[in-house]
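Notes follow the structure.
Naming: A, B, ... by sequence-line order, numbering from 1 per chain.
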Protein chains: 2
Amino acid sequence: MRQTTSLSAEDAAIAAGFERFYELLRRLTPRSELSLTAASTLHRLDRGGPRRLCELHAPEGVSQPAMTQLVTRLEKEGLARRGSDPEDGRAVVVTITDAGREAVARRREGRTRALAALLEQLPAEEHAALVAALPALDRLSGLLAS
Amino acid sequence: MRQTTSLSAEDAAIAAGFERFYELLRRLTPRSELSLTAASTLHRLDRGGPRRLCELHAPEGVSQPAMTQLVTRLEKEGLARRGSDPEDGRAVVVTITDAGREAVARRREGRTRALAALLEQLPAEEHAALVAALPALDRLSGLLAS
DNA sequence: CCCAGTTATATCACTGCCTTATACAGGTTT
DNA sequence: AAACCTGTATAAGGCAGTGATATAACTGGG
């Protein structure tokens, strides 16, 4: 078991690499129509299906009022809609609309395009190394999602 | 030359992986004392040395007034200071302070710690794949920095 | 069955950080 | 020195977050 007070040099190297990479992705993301939280929430609704409002704010790491306001904005822009839960009159069930799905797709495509332009400048073996690392990235994401 | 209208399936897979990964990093970053731009700017000042204000706003992807305001906040918090350029009376030279360096280090350590906790749950070969992908990540970051 | 407590959402007042438009001081050119 | 250009600051406004609190709907014990 790894000590929490000492970080391995290798982990530190990975973290440093990820840090630069995070900045890269941040700059790669076009100043879009969607805020970070809005994009992430829509993405979650897209792959996970409708959710109650109270099930959305915690995983997105924002307060409940922030999620209420976000859903209000999304609704106003036609990207999501509020519904009710027949089993619980208090609950608000949030559903992504087709327009919302399109917005998610557009955002993804914009980022993919910018990334692809960089990827094609990469030596073949580094490109291959990225592809080889994808399962690890997936697993990392999965670890936190649970 | 790649068509701009068609993206290779491989690039799309990398982009999709990166997208989930970006969300992961976002959630991994502790709600810290520093905004995204503040952290990135301090980091830049830390590794690149003092810069004029006008050299900071473009690479950070914000407007010039935003950078003026950010520097004012950083100065108020003691993380950076304004100096003058003896060669140009208009210029403001921004320098990171020791407190600023500490803030960057704290932020990095927080993220590293959270990441390390995930990394140790990774199978050895996936961990190795991440390490192997680091040079590619570095090069990607370098491509955009230029 | 009703009152108390809990849960889900909304509203309010405030703050942080961004934007565009504009002012202005310091350089540069002719 | 007049005209222009560049670097920074200020002003006014918007979006997205916060904590505190209100309100409506569910739940469980007497």
Letter per nucleotide, 5' to 3', of nucleotides 13-21 of chain D [B base touched, S only sugar-phosphate touched, - untouched; heavy atoms, 4.0 Å]: ---SBBBB-

Atom-to-atom span, CD of B:Glu55 to P of D:dG7 - whole angstrom: 9 Å

D:dT6 base / B:Arg90 side chain donor-acceptor hit below 3.5 Å: yes

Salt bridge present between A:Arg107 and A:Glu33 (N-O < 4.0 angstrom): no

Any B:Thr68 side-chain N or O less than 4.0 Å from OP1/OP2 of D:dT8: no

Audit row: A:Arg52, A:Asp85, side chain to side chain contact (heavy atoms under 4.5 Å, CB included) steps and yes/no: CA-CA 8 Å; A:Arg52 298 168 60 148; A:Asp85 183 343; 3.8 Å; yes

Euclidean distance, atom CG of residue B:Asp88 to atom C1' of D:dG7 [Å, nearest integer]: 7 Å

ILVMFWY network linking A:Leu122 to A:Leu115, side-chain heavy atoms under 4.5 angstrom: yes

Atom-to-atom span, NE2 of A:His57 to C1' of C:dA10 - whole angstrom: 13 Å

B:Arg82 side-chain N/O to D:dA9 phosphate OP1/OP2 under 4.0 Å: yes

Main-chain N/O of A:Leu79 paired with A:Thr97 side-chain donor or acceptor, under 3.5 Å: yes

B:Leu79 CG to C:dG16 P, straight-line distance once rounded to whole Å: 14 Å

Length of the line joining A:Glu87:CD and D:dT27:C1', which is rounded to integer Å: 15 Å

Criterion side-chain hydrogen bond (donor to acceptor under 3.5 Å, both in side chains) on A:Thr72 and A:Arg82, from CA distance to verdict: CA-CA 9 Å; A:Thr72 301; A:Arg82 281 183 164 86; 3.2 Å; yes

Donor-acceptor contact below 3.5 Å, side chain B:Thr112 vs main chain A:Ala12: no

